[in-house]
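Okay, structure first, notes after.
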Amino acid sequence: MSLLRRRRSTEFIPAADRYPVEPLAGALLEVTDIRTHFETSRGLVRAVDGVSFSLERGKTLGIVGESGSGKSVLSRSVMGLLPKNGVVRSGSIRFEGRDTSQLAPDDQRKLWGTQMSMVFQDPMTSLNPVMKIGNQITEPLLYHLDISKSFARETAVSLLSSVGIPEPERRMKQYPHEMSGGMRQRVMIAIAIACGPKLLFADEPTTALDVTVQAQILDLLQAQQRERFMAMILVTHDLGVVAGRTDEIAVMYAGKIVEKAPTRTLFSQMRMPYTEALMHSIPKLSNPSHTRLNVIPGRPPDLVSPPKGCNFSPRCPYVQDKCRKEEPPLVRAEAAGHEYACWFPAGTPQGRAALERNVVAGAMSGVTAETVRVGTTPIGGGIKSGTTTTAPSTEGST
Amino acid sequence: MAGSGTAHLRDPADTLLRVENLVVEFSAGRNRKVHAVSDVSFDVMEGETLGLVGESGCGKSTTGRAVMQLPHPTSGKVEFEGVDLASLSGEELRRTRTRLQMIFQDPISSLNPRRRVRDLVAEGLNIWNIGDDASRDAKVREVLDAVGIDPDAAGPRRPHEFSGGQCQRISIARAVVTDPRLIICDEPVSALDVSVQAQIINLLEDMKARYGLTMIFIAHDLAVVKNISDRVAVMYLGKLCEVGNPEEIYAAPAHPYTAALLSAIPVPDPLVRPREIPGVGGEIPSPLAPPSGCRFRTRCPRATEVCAEQEPIMREVQPNHFVACHFPIAPA
């Protein structure tokens with residue numbers, strides 16, 4: 001086994017001529033102002049609208065947001081997994097200093113697996129149901145690396161055991177339907193890391209799994225990442241999942257990054273009201289039963305015609321006239337590496353003043369302070385008309 | 001874990017629903033049987049919310065469906081309003097079911113895509129011919145309004161025009177329209193985002209207060225279950241492990257499985273390191289051949305020989321806190 005490990009680790013460095021690598025300086029991935037828009041009959045859907053970030057080798061970035069915030073489209077844009085037709089793309093993606101956004105399909109394919117790979121949300125639909133597990137793992141090995149079939153097989157077995165699958169020899173001959181959801185996700189991870197990528201995308205890797213299995217899979221991803229010195233982008237809607245397992249977090253809303261910070265800074269000094277609201281909507285184990293949950297009223301904006309000004313303004317408890325007119329830029333906060341996009345950030349004097357003004361204004365127009373206070377807005381909010389939200393609703397919940 | 005026994009049942013005079021020794025088995029061909037639910041007993045008092053938690057495949061949904069007699073349980077008694085549902089004829093059962101409703105996990109696929117929202121919600125009333133056209137229409141408007149859906153704007157639309165959270169609201173409206181007494185919610189928020197999940201949980205609490213409902217809330221998320229329940233029952237592989245009030249169970253879990261489940265919950269705080277509790281490893285064994293004795297013993301850090309031989313029986317460890325384990329965790 002130890003012999004096998006050693007052989008594997010040398011084999012796994014891709015030949016330099018296969019993919020010319022520039023000096024190891026700088027970030028592994030640098031994404032600048034990328035936009036991905038889809039042409040639909042209703043108009044242009046701005047799924048990703050001007051996102052920039054960079055990722056160092058071996059680090060983990062968490063991307064958090066509600067459904068429809070563009071987080072999955074973002075990771076697919078970086079991977080180059082989007083269809084050619086009906087998609088308008090711009091911006092630059094530099095992977096190890098090389099622009100990968102304009103690569104020909106053949107060159108792109110050489111990147112997948114060996115340089116960057118992806119673990120998808122639903123392990124049942126992302127594995128081939130009519131192909132044995134063993135063949136699905138050896139396929140990328142044989143395609144990308146110049147190795148023999150028998151060595152690929154040996155490697156696949158050791159990969160399976162390294163992702164915690166008991167009896168790997170027997171599992172090699174099984175089909176995906178013979179495995180549980182957690183086991184299938186382990187197989188997905190084995191396939192994704194088979195050719196030793198430098199960057200791993202995990203797109204909601206545990207959303208379809210139980211809590212106990214979720215913890216196991218997240219631990220596994222973290223262990224593999226450390227062992228192989230991979231960078232990882234963990235996409236999820238659950239702040240709990242990214243809290244203990246990322247170096248940095250980017251919060252996305254309506255196709256844009258609205259706050260980005262090192263993980264600890266983000267949790268201790270949230271500035272963007274959306275991050276705060278997302279955090280408050282998680283039920284806490286420490287609260288007594290029947291604690292009223294804080295909700296974000298309404299739902300994310302229609303990406304065909306996003307609201308004027310700040311995208312979050314229709315749902316924001318801090319909202320002021322300025323927010324409805326001007327879009328806030330991403331600005332630096334005091335803490336290193338912390339950026340946010342808000343005119344009246346939470347936890348600052350301006351933010352507190354804005355919130356107070358809303359409470360007073362609400363009281364004068366017959367709205368109780370309750371409806372304006374952070375996150376305690378009633379559930380009826382904005383959903384009543386069945387169309388896009390226009391303003392935080394003021395009606396009571398029942 | 002995973003034991004039998006009825007020590008945790010309360011006085012039948014006070015309960016709306018009483019399930020005793022419920023067994024559900026499915027044939028798997030070649031003389032094999034899936035032991036989905038094995039000897040489960042619980043009761044629900046009027047106005048109470050019972051939370052049923054466990055991993056996928058532990059039989060929690062099957063238990064919920066067996067209460068509805070969908071399908072009929074293999075054996076055991078389901079007493080609703082003092083009447084054993086298994087003894088009812090088809091027609092009598094159909095009449096009883098108006099007072100028993102269910103909300104399903106996937107809000108979009110549980111609504112007929114070809115029907116309009118107002119027809120979906122009105123269907124129960126139409127089938128039972130309750131009231132005249134005008135009063136039915138008024139009732140539909142009332143429940144839609146109560147769940148936060150505008151009856152005028154949404155009534156003529158079809159499910160695909162709504163988001164997941166809105167579809168779940170419509171499902172809730174449909175469930176309460178016939179004035180049920182008991183609603184079984186089968187993972188109603190598992191398919192939703194956290195922000196929408198909070199909206200739906202608050203809505204369920206409101207509906208419970210407004211219509212005087214009793215609920216069985218099935219979920220795998222312990223934090224959600226704690227928030228909504230008055231009493232929690234933890235299930236594992238077709239058996240109950242632990243029953244009690246949520247504060248008690250979450251503060252001092254007596255069953256090793258409950259402790260493992262609690263430690264697996266991701267905490268949204270980077271300063272809290274994921275806890276290392278032994279025994280969470282591995283996966284749920286196959287219900288085709290469940291382990292002998294205590295069903296949790298294959299994954300349990302406390303398991304000894306006794307656990308393989310004898311099935312633990314439900315017993316009281318603290319007032320109103322019951323556990324089926326030979327070696328329960330003593331409160332600190």
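A, B, ... follow the sequence lines: proteins, then strands. Residue 1 opens every chain.
- The number of heavy atoms from other shown groups lying within 6.0 Å of NZ (A:Lys59) does not exceed 12.
- For the side-chain contact (heavy atoms from CB on, under 4.5 Å) with A:Leu293, the lone residue among B:Ile200, B:Val224, B:Val194, B:Asn227 that qualifies is B:Asn227.
- In this structure, no portion of B:Asp221 lies under 4.5 Å from any heavy atom of chain A.
- Note that CG of B:Leu262 is 6.5 Å distant from CG of A:Leu285, once rounded to the nearest 0.5 Å.
- Atoms CD1 and OG, on A:Ile282 and B:Ser195 in that order, are 10.0 Å from each other to the nearest 0.5 Å.
- Note: B:Asp269 CG to A:Thr263 OG1 = 11.5 Å, rounded to the nearest 0.5 Å.
- Under a 3.5 Å cut-off, the side chain of B:Glu247 and the backbone N or O of A:Pro288 do not form any donor-acceptor pair.
- A:Ser268 does not touch chain B: none of its heavy atoms, backbone or side chain, sits under 4.5 Å away.
- The two residues B:Gln199 and A:Val295 have their closest heavy-atom pair at N-CG1, 3.5 Å.
- With a threshold of 4.5 angstrom between heavy atoms, B:Ile201 approaches chain A through side-chain atoms but not through N, CA, C or O.
- Within the model, atoms CG of B:Asn202 and OG1 of A:Thr291 stand 10.0 Å from one another, a figure rounded to the nearest 0.5 Å.
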Intermediate values then yes/no, side-chain contact (heavy atoms from CB on, under 4.5 Å), A:Ser281 and B:Gln197: CA-CA 8 Å; A:Ser281 63; B:Gln197 169 178 300; over 6 Å; no
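- Among the candidates A:Ala215, A:Ser67, A:Gly181, the residue making the largest number of heavy-atom pairs closer than 4.5 Å to chain B is A:Ser67.
- For the set B:Ile228, B:Leu222, B:Asp152, B:Val225, the count of heavy-atom pairs under 4.5 angstrom toward chain A peaks at B:Ile228.
- A:Gln214 and B:Pro266 make their closest contact through NE2-CG, 3.1 Å (heavy atoms, listed as atom of the first residue, atom of the second, distance).
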Stepwise side-chain contact (heavy atoms from CB on, under 4.5 Å) test for A:Asn287 and B:Lys226: CA-CA 9 Å; A:Asn287 286 348; B:Lys226 178 175 181 196; 5.9 Å; no
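- In this structure, the portions of B:Glu55 lying under 4.5 Å from any heavy atom of chain A include both its backbone and its side chain.
- Residue A:Met279 touches chain B through its side chain alone, counting heavy-atom pairs closer than 4.5 Å.
- Within the model, atoms CG of B:Leu192 and CD of A:Glu66 stand 11.5 Å from one another, a figure rounded to the nearest 0.5 Å.
- If you measure heavy-atom distances from B:Ser229 to chain A, the contacts under 4.5 Å come from the backbone alone.
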